[in-house]
There are 2 protein chains.
Amino acid sequence: MSVTESTGLRERNKRERRRRLEDVAIDLFERDGFDKTTIEQISAAAGLAPRTFFSYFVSKDDLVLGDYAERLGRILEALERQPITMPAWDALRASFAVVASDYATEVDRLIRRFRIMSATPSVYARSLQLQAGWEHTLAAHLAARLDAGPDDPRPRLLAATALAVMRASLQHWLTTGQTQPLPTLVQAAFDQLGRGLDQDP
Amino acid sequence: MSVTESTGLRERNKRERRRRLEDVAIDLFERDGFDKTTIEQISAAAGLAPRTFFSYFVSKDDLVLGDYAERLGRILEALERQPITMPAWDALRASFAVVASDYATEVDRLIRRFRIMSATPSVYARSLQLQAGWEHTLAAHLAARLDAGPDDPRPRLLAATALAVMRASLQHWLTTGQTQPLPTLVQAAFDQLGRGLDQDP
DNA sequence: TGCAAAAATGCAGTCAATGCAATTATGTTC
DNA sequence: GAACATAATTGCATTGACTGCATTTTTGCA
């Protein structure tokens with residue numbers, strides 16, 4: 001108990017402040033725009049010194065992306081859980097379903113961030129960069145799963161396609177005002193690509 | 001003639017200097033790394049004042065990407081040329097074939113840039129950002145071609161997938177040492193997605 | 001309470017990028 | 001070929017993100 005509490009307190013404070021920074025930053029970004037908000041303003045609003053900001057976030061961009069990284073990491077976990085006998089595309093479909101429903105639970109939070117992301121090139125670029133990182137590791141996992149050699153194009157193709165599907169669905173979901181549930185959209189897109197793009201929808 | 005020559009001179013000088021900046025920059029990036037090379041060094045090496053650099057390139061990143069934007073623009077032109085009766089995925093396949101062979105003609109130049117791009121997060125991010133821009137316009141074109149409404153997910157899905165295919169193929173081509181021709185790889189990937197990812201290769 | 005580790009902070013500095021004003025080069029016109 | 005309008009180059013000052021380093025404060029534990 002003492003151990004949990006002791007290390008827990010530091011950790012908790014750290015998480016709280018990180019969260020606070022995110023929150024005030026998002027508010028300011030929405031009010032004044034990303035570029036017109038300075039690190040100085042953000043840290044002041046969070047009650048911290050400017051220098052301290054950088055021990056919580058490596059860059060201003062990362063304020064908006066927050067747990068983006070963590071969330072995509074769950075795809076890999078989910079992928080690991082799929083039986084090895086399952087065809088690769090099916091396994092991907094199942095894994096992405098998990099993340100899709102995760103997303104759907106936090107619509108409001110997500111939408112605010114997405115708005116800022118779409119309006120701010122540097123942030124958008126950073127999000128794509130993160131995605132590219134996962135595409136890479138996802139491809140590595142798939143290569144293992146498919147027992148594919150380094151000159152087998154399939155892992156890369158599958159990873160790239162799956163993330164493209166996710167991104168396109170997410171964007172569609174957000175721009176159409178969430179008329180259809182995200183998981184449904186994602187599944188439909190995976191199905192379409194499973195059947196083949198030569199086929200009519 | 002006089003007109004062509006007159007305006008031509010200014011334009012030509014401008015293009016030459018732009019080119020010179022690119023070239024010296026690539027050399028320096030390869031030698032010292034992107035981040036350790038300053039705008040000051042680049043402009044000095046090109047015989048220009050630092051301030052002048054920014055009338056040729058909006059950012060340091062763009063030095064590496066060069067004609068990236070222009071090249072992707074050809075996809076759209078090619079797409080316009082495909083008969084409207086051709087199924088969308090076939091039209092995309094044909095359009096991307098054009099760009100794929102374009103790439104293949106400039107392997108050396110391309111590879112140097114790709115190395116820097118892969119090694120430099122900010123540059124890579126910027127390239128993805130450019131691609132995202134094209135994905136957007138490509139989707140718009142496809143929407144017109146398919147006569148699709150704003151809540152039809154197909155244009156976005158097709159655009160995202162096609163660019164994913166291109167990116168994955170390009171990466172595969174470069175990392176496998178160009179053992180197979182790029183157009184072949186791209187066609188194979190398009191075919192695979194046409195047949196459907198549920199099918200075995 | 002006292003101590004060691006961790007976190008916060010201040011300060012100085014680098015570098016990309018921008019705005020503005022002044023200067024220089026270029027192409028055209030007479 | 002000289003004067004002139006325009007475009008390009010340049011210098012200067014400034015902003016703001018980000019980093020390294022040294023110092024101070026806070027925190028959890030003995």
Side-chain angles (χ1 to χ4, degrees), chain A residues 1-22 24-25 28-29 32-65 116 120-126 129, chain B residues 1-22 24-26 28-29 32-65 116 120-127 129:
Chain A
M1 187 186 91
S2 66
V3 177
T4 329
E5 242 178 31
S6 62
T7 62
L9 181 55
R10 262 206 178 116
E11 298 273 311
R12 185 159 19 108
N13 283 339
K14 191 129 187 157
R15 241 177 299 142
E16 263 171 29
R17 291 197 175 176
R18 191 184 155 92
R19 177 69 179 231
R20 183 145 39 101
L21 274 169
E22 273 189 32
V24 296
L28 288 172
F29 291 160
D32 303 334
F34 183 87
D35 291 324
K36 295 198 175 169
T37 307
T38 67
I39 303 274
E40 202 181 340
Q41 293 171 333
I42 297 167
S43 22
L48 291 173
R51 186 64 185 84
T52 313
F53 171 87
F54 290 101
S55 63
Y56 283 93
F57 294 91
V58 288
S59 80
K60 195 177 158 189
D61 291 332
D62 285 343
L63 273 170
V64 187
L65 301 172
I116 298 167
T120 317
S122 74
V123 180
Y124 190 52
R126 172 85 181 125
Q129 192 192 333
Chain B
M1 187 185 91
S2 67
V3 177
T4 330
E5 242 178 31
S6 62
T7 62
L9 182 56
R10 259 200 182 123
E11 299 274 310
R12 186 160 16 109
N13 282 340
K14 193 129 185 152
R15 241 177 300 143
E16 263 172 30
R17 290 194 175 179
R18 192 184 155 92
R19 177 69 181 233
R20 183 146 39 102
L21 274 170
E22 274 188 27
V24 296
I26 298 291
L28 288 172
F29 291 160
D32 304 332
F34 184 87
D35 292 324
K36 294 199 175 167
T37 308
T38 67
I39 303 274
E40 201 181 340
Q41 293 171 332
I42 297 167
S43 22
L48 292 173
R51 187 62 184 86
T52 312
F53 171 87
F54 290 101
S55 63
Y56 284 93
F57 294 91
V58 288
S59 81
K60 195 178 159 191
D61 292 331
D62 285 341
L63 273 170
V64 187
L65 301 172
I116 298 166
T120 318
S122 73
V123 180
Y124 190 52
R126 172 87 180 124
S127 82
Q129 191 191 333

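Residue numbers begin at 1 in each chain, while the letters A, B, ... track the order of the sequences.
Ranking D:dG11, C:dG10, D:dT9 by closeness to the B:Ala49 side chain, first place goes to D:dG11.
The shortest distance between the side-chain N/O atoms of A:Tyr56 and the OP1/OP2 oxygens of C:dA7 is not below 4.0 Å. OP1 or OP2 of C:dA7 has not a single side-chain nitrogen or oxygen of A:Ser55 nearer than 4.0 Å.
Rounded to the nearest 0.5 angstrom, B:Leu48 CG and B:Arg20 CZ are separated by 6.0 Å.
Partners of A:Phe34 according to the ring-ring contact (aromatic ring centres under 6.0 Å, His included) rule, which considers only residues two or more places apart in sequence or in another chain, are A:Phe29. Under the side-chain contact (heavy atoms from CB on, under 4.5 Å) criterion, A:Asp32 pairs with A:Leu28, A:Thr37, sequence neighbours left out. Shown here are the side chain to side chain donor-acceptor pair (under 3.5 Å) partners of A:Glu22, two or more places apart in sequence or in another chain: A:Arg109, A:Arg113. Evaluation of the salt bridge (Lys or Arg N to Asp or Glu O under 4.0 Å) rule for A:Arg19 yields A:Asp23 as partners, not counting sequence neighbours. Applying the side-chain contact (heavy atoms from CB on, under 4.5 Å) test to A:Thr38 and every residue at least two apart in sequence or in another chain returns A:Glu40, A:Gln41. Residues forming a side-chain contact (heavy atoms from CB on, under 4.5 Å) with B:Ser59 (at least two apart in sequence, or on another chain): B:Asp61, B:Asp62. Judged as a ring-ring contact (aromatic ring centres under 6.0 Å, His included), and not counting sequence neighbours, the contacts of A:Phe57 are A:Phe53.
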Find every protein N or O atom lying less than 3.5 Å from an N or O atom of nucleotides 22-25 of chain C, and list the pairs.
none

For nucleotides 13-15 of chain C, give me every protein contact, N/O to N/O, under 3.5 Å, one pair per line with atom names.
none

Give every pair of a protein N or O atom and an N or O atom of nucleotides 18-21 of chain C that lie under 3.5 Å apart, one pair per line with the distance.
{"unit_1": "C:dG19", "atom_1": "N7", "unit_2": "B:Arg51", "atom_2": "NH2", "d": "2.7"}
{"unit_1": "C:dG19", "atom_1": "O6", "unit_2": "B:Arg51", "atom_2": "NE", "d": "2.4"}

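A:Phe29 has its CZ atom 14 Å from the P atom of D:dG16, to the nearest Å. Atom C1' of nucleotide D:dT26 and atom NZ of A:Lys14 are separated by 13 Å, given to the nearest angstrom. Per the geometry, CG belonging to A:Asp61 stands 17 Å off P belonging to C:dA16, to the nearest Å. As a whole-Å value, the separation of A:Asp32 CG from D:dG16 P is 13 Å. Between the NZ atom of A:Lys36 and the P atom of D:dA17 there is a distance of 14 Å, given to the nearest Å. For the pair A:Arg17 CZ and D:dT25 C1', the interatomic distance rounds to 11 Å; values are reported in whole Å. Per the geometry, CD1 belonging to A:Ile42 stands 13 Å off C1' belonging to D:dC18, to the nearest Å.
If one axis is set at each end of the helix from C:dT1-D:dA30 to C:dC30-D:dG1 from five pairs, those axes are 10° apart, to 10°.
Residue B:Phe57 is out of contact with every strand shown, counting any heavy-atom pair closer than 4.0 Å. Residue contacts shown for A:Phe53 are absent, as no nucleic acid heavy atom lies under 4.0 Å away.
Between A:Ile39 and A:Pro50, the shortest heavy-atom contact is CG2-O, 4.3 Å. Scanning both residues, B:Gln129 and A:Pro121, for their nearest heavy atoms gives NE2-CB, 3.2 Å. Among all heavy-atom pairs drawn from B:Arg17 and B:Tyr56, the shortest one is CD-OH, 3.3 Å. Nearest heavy atom pair, residue A:Leu21 against residue A:Ser43, reads CD2-CA, 4.4 Å. In terms of heavy-atom proximity, A:Val123 sits nearest to A:Val64 at CG1-CB, 3.8 Å. The two atoms that bring B:Ile42 and B:Ala25 nearest to each other are CG2-CB, 4.0 Å, heavy atoms only.
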